[in-house]
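Dropping a structure here in structure tokens format, bear with me for questions.
Numbers for residues simply follow the sequence, beginning at 1.
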Amino acid sequence: MALGIKLGAAGRDHGSWPVLLVLLLAVLAPTACVLWFMNEAVESQQEAARLKLAEAYRGQLALMRDRLESYWAQRAGELDRLAGTMDGAAAFAAVVRSGAADSAICFHRDGQPSYPTPLPPPAFVEPRTGMWAEARSLESTDLARAAEAYAAIAAGEKEPAAAGRAVQAQIRCLMQSGREEAALQIIEQQFRDARLSRARDPQGRLIAADAQLLAAQIGRRRGSWLPAARRLEKLVNDYASPMPSAQRVFLMEELRSLGAFQFATYEAERLAAAVLVAERARPGEPALRRSAVPGLWRLSSPAGRAIGLYREETVLAAMQGALAPEAPSQDVAFEAVPPGAATAGWDESIPAGRTLPGWQIAMTIGGDALFAGAARRQMQSYLWVGFLAIAAMAVLAVIVAQALRRQMRLARLKTDLVAAVSHELKTPLASMRLLVDALLDEGQFEPRKTRDYLELVARENVRLSRLIDNFLAFSRMERNRHRFEFTLTAAAEVVKATEEALADRFRAAGVRLEVDVAPRLPAIRADADALVTALLNLLDNAYKFTGEEKDLRLRAFAAEERVAFAVEDNGIGIPARERKRIFRRFYQVDRRLARSTGGCGLGLSIVDYIVRAHGGEVRVESRPGGGSIFTLLLPAAVNARGAAA
């Protein structure tokens, strides 16, 4: 059906894109400049605030240094205090259990290591003659008699070391002879005696501790090991007893393997042993330095009585704990940096002092520093000004773009309208001129021929009038000047007026028009002439886009409490994808077909405008090759009171 111009005013505005592109660049360029200036201003403001804050808190670094030096000097003095009141293993236990250090190496007043170091062997030397020699010889021939001989020696010895070694040998003989029960009894009896509790073997190891370990191992096989293990645990934790560090660590590991035994000094013993293996420990000036063991630091006490050993995580935690109370704000952070670590990213740093050689105290300023509030306020003002400027430019650009596109669209619309009017008016005028010239060329007017020519002229005149009416209606629609005169109108009168207007034309063209008006239709409040114009446009389209056999139908009936006018044809139909576009002004589904049948694509847009002004709607049912049905649904008079007048 004749249905508008596909390209042109209602189509794509190809010519407007260069203008829109220029407008877009005109907005983007100033926007980019504004954003750049805002960013530079914000960065400058932040840097200025950072410099002010760094200057204000630079003096805090010296206070931090003094605080750290005081902290580690107190630690070193605590080592001297704990190690000076006792000696050897007891001093080691006091330092570790008090938390003064993770581990320690203690020294005598003469500067010699006291713990953890191997103890010197006891002064007693086993004689090679007498009862000791006889017992030794019996061990290879008669274990029972050897055990009795060692028991006799233990009973007669007044020296605790000699008595302890004799009991140890007696237990050895009993175990070798398979008399475990007897060995357990000897351990129970002999090593509860305070006299033998400190006896040591030739290697300096505590005999009572080895005996209790043996009792625990025997008891484990028998299911009664816990009492002996508890006694051994007590011995291991008793740092007043003369037990070598190596034996103590060994016994701790054995007890840990037996069950749920934990020792507070176990890790400290291991750390001290590792340092003694890795380096020759000697007290020096009270300063925190790395040890030969990776991840371990050492601090000598001022009097040289102890060297405190600290894991690196302990040192860093202690440093942070000492610095945290001095931080004046959450925006300023102080940190102690170990020797060799990079201080990149810190605002200021100074050496940590003599007690911490190689350490640095660094300061950094966070994003929310003391002067950052003013920087944020300034930044917010910049942002508001920048955003307002950008928003103003964007709004102005949108307004200008819309105005330009509208003007270009109107210019194209006018151009297309002039072209369409010229084309459509030229055809009937040319036909009438040709007919009139043919009549004037005749010498005499033949009545029959003259009448036929005049009828053709009248038909072209009607066509011309219809075109002019459509153009005038379109002009009024564009200017919003079209006024409707709504009155109570019968649907039958509208159909009759439409039929009379097309009767002569359709009769001459051999068109079969079927008219069907349902009885007792409700009246409608409408502009009758406007509705006739709408139906004429629909019938004119139906006439143009049907084949040689033109079967048209005009119906009026009630539908959904409304009055419906339907125009049905047997024409070429409309594709489904085009049905929403056919009501656009100047839109045509097939331009070539439109040129051959005439029309400029205003008919359906006028129909849609008239029906909407009456508060109704237009529905289309069609399929390609199967004809089309256009239905105008208008409210009945009861429901039409609100229609625009």
Which atom pair, heavy atoms only, marks the closest approach of Arg165 to Ile207?
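Heavy atoms of Arg165 and Ile207 come nearest at N-CD1, 3.7 Å.
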Shortest non-hydrogen separation from Ala183 to Ile171 and the atoms involved:
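Looks like CB-CG2, 4.2 Å.
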Testing the basics here: between Phe107 and Gly304, what is the closest heavy-atom pair and its distance to 0.1 Å?
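Between these two residues, the closest heavy atoms are CB-O, 3.7 Å.
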Under a plain distance cut-off of 3.5 Å, with no hydrogens placed, do Tyr150 and Arg145 share a side-chain donor-acceptor pair?
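Short answer, no.
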Nearest 0.5 angstrom please: Ile187 CD1 to Ile218 CD1, how far?
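If we round to the nearest 0.5 Å, Ile187:CD1 and Ile218:CD1 are 5.5 Å apart.
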For Phe261 and Glu253: C-alpha separation, side-chain torsions, deciding distance, then whether side-chain contact (heavy atoms from CB on, under 4.5 Å) applies.
CA-CA 9 Å; Phe261 290 93; Glu253 291 173 348; over 6 Å; no
Donor-acceptor contact present, side-chain Ser103 to main-chain Ala268, <3.5 Å
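Checked: pair present.
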Donor-acceptor contact present, side-chain Ser70 to main-chain Asp66, <3.5 Å:
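Answer holds: no.
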Using a 6.0 Å cut-off, check whether atom CZ of Arg282 has over 12 heavy atoms from anything other than its own residue.
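Enclosed.
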Run the salt-bridge test on Arg172 and Glu139 with the 4.0 Å N-O cut-off and return the result as yes or no.
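Yes, this pair counts.
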Pi-cation contact, Tyr266 with Arg256 (under 6.0 Å, within 45°)
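Flagged: Arg256 positioned over aromatic ring of Tyr266.
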Beyond-backbone contact of Thr355 with Leu68, side-chain heavy atoms, under 4.5 angstrom
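With C-beta onward as the side chain, the pair stays apart.
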With a 4.5 Å heavy-atom cut-off, do Glu269 and Glu267 have their side chains touching?
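No; the side chains remain at least 4.5 Å from each other.
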Closer than 4.0 angstrom, basic N to acidic O: yes or no for Arg298 and Glu279?
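Here Arg298 pairs with Glu279 in a salt bridge, since their nearest N and O are under 4.0 Å apart.
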Would you call Glu188-Arg231 a salt bridge at under 4.0 Å N-O?
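Judged by the 4.0 Å cut-off on N to carboxylate O distance, Glu188 and Arg231 do form a salt bridge.
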So which heavy atom on Leu232 is nearest to which on Gln212, and how close?
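Reported closest heavy-atom pair: CB-CB, 4.0 Å.
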Pairwise distance CD1(Ile153) to CD(Glu148) - rounded to 0.5 angstrom
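If I round to the nearest 0.5 Å, the distance is 12.5 Å.
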Are Arg67 and Tyr71 linked by a side-chain donor-acceptor pair shorter than 3.5 Å?
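No pair is found: no donor N or O on one side chain lies under 3.5 Å from an acceptor on the other.
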Say you draw a straight line from OG of Ser301 to CD of Glu78; how long is it, rounded to the nearest 0.5 Å?
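Ser301 atom OG to Glu78 atom CD measures 11.5 Å (nearest 0.5 Å).
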To check you understand the geometry: which heavy-atom pair defines the closest contact between Leu235 and Met243, and what is its length?
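For Leu235 versus Met243, the nearest heavy atoms are O-CE, 3.9 Å.
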Measuring from Glu335:CD to Trp359:CH2, what's the distance to the nearest 0.5 Å?
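Taking CD in Glu335 and CH2 in Trp359, the distance rounds to 9.5 Å.
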Is the shortest heavy-atom distance from the side chain of Arg289 to the side chain of Ser300 under 4.5 Å?
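Sidechains of Ser300 and Arg289: no contact.
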Mind running side-chain contact (heavy atoms from CB on, under 4.5 Å) on Asp210 and Asp201 for me, showing each step along the way?
CA-CA 10 Å; Asp210 288 342; Asp201 65 10; 4.3 Å; yes
What distance do Leu214 atom CG and Leu184 atom CG have between them, rounded to the nearest 0.5 Å?
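Taking CG in Leu214 and CG in Leu184, the distance rounds to 7.5 Å.
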Should Arg230 and Glu233 count as an ion pair when the cut-off is N to O under 4.0 Å?
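The answer is yes: the pair qualifies as a salt bridge.
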Decide yes or no for Phe92 and Ser114: does some side-chain heavy atom of the first lie under 4.5 Å from some side-chain heavy atom of the second?
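No, side chains not in contact.
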Shortest non-hydrogen separation from Pro286 to Ala76 and the atoms involved:
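What the structure gives for the nearest pair is CB-CB, 4.4 Å.
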Contact between Tyr310 and Leu316 at the side-chain level, heavy atoms closer than 4.5 Å - yes or no?
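Result no, sub-4.5 Å side-chain heavy-atom pair not found.
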In Å and rounded to the nearest 0.5 Å, what is the CG to CD1 distance from Leu309 to Ile307?
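Nearest 0.5 Å value for the CG-CD1 distance: 7.0 Å.
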Is the shortest heavy-atom distance from the side chain of Thr265 to the side chain of Tyr239 under 4.5 Å?
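Yes. Closest side-chain heavy atoms under 4.5 Å.
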What about Trp297 and Trp72, are their ring centers closer than 6.0 Å?
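No, too far apart.
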Quick one, Arg290 and Pro338 - any side-chain contact, counting heavy atoms below 4.5 Å?
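Counting from C-beta outward, Arg290 and Pro338 do come under 4.5 Å.
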Are the side chains of Glu69 and Leu356 in contact, using a 4.5 Å heavy-atom criterion?
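Contact flag for Leu356/Glu69 side chains = no.
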Evaluate side-chain contact (heavy atoms from CB on, under 4.5 Å) for Phe263 paired with Leu255, printing each intermediate quantity in order.
CA-CA 10 Å; Phe263 299 94; Leu255 286 174; 3.5 Å; yes
More than 12 heavy atoms of other residues, nucleotides or ligands under 6.0 Å from CZ of Arg97: yes or no?
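Atom CZ in Arg97 is packed in, count exceeds 12.
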CA sep, side-chain torsions, deciding dist, call: Arg205, Arg200, side-chain contact (heavy atoms from CB on, under 4.5 Å):
CA-CA 5 Å; Arg205 295 174 300 192; Arg200 294 183 292 146; over 6 Å; no
Would you say Gln247's side chain and Leu206's backbone share a donor-acceptor pair under 3.5 angstrom?
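It does hold such a pair.
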With a 3.5 Å distance limit and no angle check, can you tell me whether Ser291 reaches the backbone of Leu296 through a side-chain donor-acceptor pair?
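Yes.
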Between Arg305 and Asp80 (side chain of the first, backbone of the second, donor and acceptor by atom type, cut-off under 3.5 Å), is there such a pair?
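Not at all, since once roles are kept as given, no pair shorter than 3.5 Å links the two residues.
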